[in-house]
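One structure below.
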Amino acid sequence: MHELDYAKMGTRIRQLRKAKGWSQERLAKKCGISLNFMGHIERGTRKISMDTFVALCRELETDADALLWGVAQPFETAAQGMWGHQEQTGDDGYAMYIQIMKSVADIMKSKGKKRRYEDHTTV
């Protein structure tokens, strides 16, 4: 397993932000974080939550692998690495990805309903 280098990740975030012509303040506002925290992220001096990481990926229009490791990895390659399915290519890999994401969404939705039910039933 790779060890995450927050300084390198911060550098990649800064490069993508600058390529868009954005200030730290603009990206921070788009991600719902403070300017001070944005500076820490770009310097690699603070860890970030998954929510903030997802917001950065979304706003910078990049994928997780590009920010984490500096390499954009096509889905099929990632799936093959995880499951060893060398024969999966093209639309088959995409269909598997969609099926997995729908399953995750269903699980999250059912957990949300359960949590809301528990919140209303606690005494």
Side-chain angles (χ1 to χ4, degrees):
M1 180 147 195
H2 298 285
E3 187 172 328
L4 188 56
D5 186 329
Y6 288 94
K8 286 182 181 177
M9 184 172 72
T11 298
R12 288 188 282 272
I13 291 168
R14 181 182 304 111
Q15 289 170 340
L16 289 167
R17 173 182 60 77
K18 286 185 174 187
K20 290 184 167 290
W22 294 351
S23 66
Q24 279 187 339
E25 184 177 17
R26 182 172 179 182
L27 181 56
K29 282 182 181 179
K30 286 178 164 286
C31 293
I33 60 175
S34 71
L35 175 58
N36 185 43
F37 189 48
M38 187 74 243
H40 280 287
I41 292 170
E42 288 191 358
R43 290 188 301 279
T45 55
R46 298 268 307 270
K47 293 182 180 180
I48 61 176
S49 71
M50 186 61 84
D51 289 336
T52 300
F53 180 75
V54 169
L56 285 165
C57 288
R58 182 183 60 241
E59 296 302 333
L60 293 171
E61 298 175 328
T62 191
D63 64 4
D65 284 330
L67 285 187
L68 293 172
W69 316 115
V71 178
Q73 188 175 28
F75 169 75
E76 288 80 12
T77 305
Q80 289 169 359
M82 288 189 302
W83 298 306
H85 293 284
Q86 298 300 321
E87 69 279 357
Q88 291 282 329
T89 59
D91 291 337
D92 291 341
Y94 182 73
M96 182 191 309
Y97 172 78
I98 295 299
Q99 184 178 9
I100 290 168
M101 295 312 296
K102 285 181 179 179
S103 297
V104 169
D106 290 342
I107 291 167
M108 297 303 291
K109 193 182 329 178
S110 70
K111 284 186 177 190
K113 286 179 183 177
K114 181 179 178 183
R115 216 176 274 143
R116 283 192 297 272
Y117 173 76
E118 290 170 351
D119 290 344
H120 294 295
T121 59
T122 56
V123 180

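Just so you know, these numbers use all the heavy atoms, side chains as well, and skip hydrogens, waters and symmetry mates. Numbering starts at 1 and runs along the sequence shown. Keep in mind that what you see is a predicted model, and the values were worked out from it rather than measured.
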Worksheet entry | Exercise: identify the closest heavy-atom pair between Arg14 and Glu42 | NH2-O, 2.9 Å
Practice prompt. Grab the two heavy atoms, one from Glu3 and one from Trp69, that are nearest each other, plus how far apart they are.
Written response: O-CZ3, 3.7 Å
With sequence neighbours excluded, what pairs up with [X] under the salt bridge (charged side-chain N to carboxylate O under 4.0 Å, His left out) test?
{"X": "Arg12", "answer": "none"}
{"X": "Lys18", "answer": "none"}
{"X": "Lys20", "answer": "Glu61"}

Counting only pairs under 3.5 Å, give me each side-chain donor-acceptor contact of residues 32-40, with atom names and distances, residues two or more places apart or in other chains.
unit_1: Ser34; atom_1: OG; unit_2: Phe37; atom_2: N; d: 3.0
unit_1: His40; atom_1: ND1; unit_2: Thr45; atom_2: OG1; d: 2.7

Pairs of donor and acceptor atoms involving the side chains of residues 48-60, under 3.5 Å and at least two apart or interchain, shall be tabulated with distances.
unit_1: Ser49; atom_1: OG; unit_2: Asp51; atom_2: N; d: 3.4
unit_1: Ser49; atom_1: OG; unit_2: Thr52; atom_2: N; d: 3.1
unit_1: Ser49; atom_1: OG; unit_2: Thr52; atom_2: OG1; d: 3.1

Worksheet item: Within a radius of less than 6.0 Å around NZ of Lys30, do more than 12 heavy atoms belonging to other residues, nucleotides or ligands occur?
Response: yes
Item to complete: Mind checking side-chain hydrogen bond (donor to acceptor under 3.5 Å, both in side chains) for Lys8 and listing every partner two or more places apart, or none if nothing turns up?
Response: none
